[in-house]
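Following: one structure in structure tokens, then a few remarks.
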Protein chains: 2
Amino acid sequence: MAKSSHSLAAQVYARLRQEIMGGTFAPAEPLRLAQLKDRYGVGFSPLREALTRLTAEGLVAAEPMRGFCVAPLSLEDLRDTMDTRIFVETAALKRSILHGDDAWEARIVATLHAFKLQLARRDESDPESRETLENRHRDFHFALVSASGSARMQAIIENLYLGSARYRVLRPGDRSAYLARNLEEEHTAIAEASLARDTDQACALLAEHYRRTAESLELAHRRQLGAATAAQ
Amino acid sequence: MAKSSHSLAAQVYARLRQEIMGGTFAPAEPLRLAQLKDRYGVGFSPLREALTRLTAEGLVAAEPMRGFCVAPLSLEDLRDTMDTRIFVETAALKRSILHGDDAWEARIVATLHAFKLQLARRDESDPESRETLENRHRDFHFALVSASGSARMQAIIENLYLGSARYRVLRPGDRSAYLARNLEEEHTAIAEASLARDTDQACALLAEHYRRTAESLELAHRRQLGAATAAQ
DNA sequence: GAGTGTTAAATTTTCGAATATACTTGTTTT
DNA sequence: AAAACAAGTATATTCGAAAATTTAACACTC
């Protein structure tokens with residue numbers, strides 16, 4: 001029982017993705033097949049398939065005949081990603097406000113509530129608590145733009161989210177800037193403006209929210225770069 | 001000699017992609033591994049890798065334990081794709097006009113010239129001639145947005161182009177609507193407005209260009225649907 | 001000592017057999 | 001006849017050995 005109906009490749013993909021996002025494998029770190037084969041207890045085929053998928057999604061980089069490595073991070077990519085997110089998500093939010101029905105509103109209310117609950121009980125020292133918070137945060141933002149009516153935009157938004165989430169602050173000590181923000185207020189304001197169908201206000205608040213996030217991520221990324229350099 | 005340095009998987013990927021785009025495999029047609037294995041003379045591994053990549057890019061659909069098939073087309077997807085293209089590419093053009101340097105201008109002039117040459121000598125009865133025209137058309141449009149300064153946007157644009165190019169009219173007889181347009185004039189006008197740094201005009205012309213394209217593709221797609229239904 | 005070729009080791013990539021899953025066809029049961 | 005079941009067939013998926021390629025180590029020349 002509890003036997004997953006997914007193929008092995010899909011399972012490996014999920015685990016690998018989680019471990020890259022979680023920092024088990026550092027950016028630019030080589031991903032040796034033999035090593036991963038042992039770690040996951042699978043053959044080459046599903047491994048390769050998972051890595052190929054992750055490569056197409058931008059989480060992994062592949063060099064012909066030289067294997068795979070975790071895709072590197074850079075300040076440039078972070079800025080690009082966050083700028084593009086703001087651009088695409090504000091447009092998607094605008095359309096969602098225009099077309100959103102009751103289910104859309106309900107989904108926003110629901111995900112915001114769940115996010116607030118976790119925000120209140122969060123424990124920064126517990127990785128699992130941090131992950132739950134991150135997931136609920138993501139769910140809320142996806143809910144906001146879920147009525148855009150464009151599957152293509154949805155896919156783009158998900159991919160960009162994935163790309164930016166890699167810059168999350170991994171070390172608890174570096175999360176002070178993030179935590180100093182009044183996240184409950186920021187998200188509530190975005191939700192209220194959206195539900196009130198105040199397009200301009202909602203988009204402005206969302207953009208500002210992401211600009212703050214970008215700033216916070218940039219700061220943390222710089223600090224991490226510094227730490228990495230110092231550690232050499 | 002002439003031995004490709006690419007891996008087998010990359011070669012299979014390129015061929016498969018070309019054959020899907022070219023209509024060798026019809027939309028929604030199952031892609032049987034044994035059949036492809038024979039056709040390309042390779043083993044399962046590179047085949048699977050190529051199919052996985054194409055799946056991530058949206059050209060192929062995969063069902064767990066049931067293999068792969070060519071991703072289906074639909075009027076809904078066509079509209080979504082073209083709308084999103086207009087949205088993203090006009091923004092990218094705007095930024096390119098803002099940041100574009102001499103190399104950007106030169107690239108526009110060069111690709112437009114090459115496109116015009118092929119337009120003049122085009123032979124609708126020759127598939128190769130049609131493909132060359134399509135490639136040069138693509139090159140011009142990529143050149144327009146090549147100075148956006150955003151690698152993420154670039155990637156999105158390329159993926160959306162790929163998605164929409166599948167709706168190209170494949171049968172020569174159905175290209176009348178496409179050919180009736182004054183393509184030389186349309187593209188020249190876009191290039192001129194861009195080089196003159198007239199952002200609003202350039203974006204308006206580009207959007208209009210894509211709206212016409214969308215219309216033409218919709219027409220052809222409907223016709224093809226009708227033909228497919230009638231043929232049953 | 002810097003450069004150059006040569007062998008050995010490590011690693012990726014590919015192949016085809018082996019396995020697991022889905023589909024088909026025919027049979028039985030109700 | 002419809003539904004449920006049961007082989008048998010077709011197909012996708014996975015494995016581990018084999019082949020191809022890159023990297024490392026080492027000796028040799030200039």
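Numbers restart at 1 for each chain; the letters A, B, ... are given by sequence-line order, proteins then strands.
- No donor-acceptor contact under 3.5 angstrom links the side chains of A:Arg53 and B:Thr52, judged on distance only.
- Considering all non-hydrogen atoms of both residues, A:Ser148 and A:Gln154 come closest at OG-OE1, 3.3 Å.
- Atom P of nucleotide C:dT11 and atom CG of A:Leu31 are separated by 13 Å, given to the nearest angstrom.
- Ion pairing between a basic and an acidic side chain is recognised when a charged N comes within 4.0 Å of a carboxylate O; B:Arg152 and A:Asp77 show such pairing.
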Completion exercise
Letter by letter from the 5' end, nucleotides 14-19 of chain D scores (B base, S sugar-phosphate only, - none; protein heavy atoms under 4.0 Å) BBBB--
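- Rounded to an integer number of Å, the gap from CG of B:Asp38 to C1' of C:dC15 is 14 Å.
- Between the CZ atom of B:Arg32 and the P atom of D:dA10 there is a distance of 12 Å, given to the nearest Å.
- With rounding to whole Å, A:Arg66 atom CZ is found 13 Å from C:dT11 atom P.
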Quiz: residues 32-47 of chain A side-chain donor-acceptor pairs under 3.5 angstrom, not counting sequence neighbours:
{"residue": "A:Arg39", "atom": "NH1", "partner": "A:Glu19", "partner atom": "OE1", "Å": "2.8"}
{"residue": "A:Arg39", "atom": "NH1", "partner": "A:Glu19", "partner atom": "OE2", "Å": "3.0"}
{"residue": "A:Tyr40", "atom": "OH", "partner": "A:Glu19", "partner atom": "OE1", "Å": "2.6"}

Return all side-chain donor-acceptor pairs below 3.5 angstrom for residues 82-91 of chain A, not counting sequence neighbours, or 'none' if the list is empty.
{"residue": "A:Thr84", "atom": "OG1", "partner": "A:Asp80", "partner atom": "O", "Å": "2.7"}
{"residue": "A:Thr84", "atom": "OG1", "partner": "A:Asp80", "partner atom": "OD1", "Å": "3.2"}
{"residue": "A:Arg85", "atom": "NE", "partner": "A:Glu89", "partner atom": "OE2", "Å": "3.2"}
{"residue": "A:Arg85", "atom": "NH1", "partner": "A:Ser164", "partner atom": "OG", "Å": "2.8"}
{"residue": "A:Arg85", "atom": "NH2", "partner": "A:Tyr210", "partner atom": "OH", "Å": "3.2"}
{"residue": "A:Glu89", "atom": "OE1", "partner": "A:Tyr210", "partner atom": "OH", "Å": "2.6"}
{"residue": "A:Glu89", "atom": "OE2", "partner": "A:Tyr210", "partner atom": "OH", "Å": "3.4"}
{"residue": "A:Thr90", "atom": "OG1", "partner": "A:Ile86", "partner atom": "O", "Å": "2.7"}
{"residue": "A:Thr90", "atom": "OG1", "partner": "A:Phe87", "partner atom": "O", "Å": "3.2"}

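- The CG atom of B:Leu47 sits 13 Å away from the C1' atom of C:dG16 (whole-angstrom rounding).
- Nearest heavy-atom pair across B:Leu93 and B:Leu206 is CD2-CD2, 3.7 Å.
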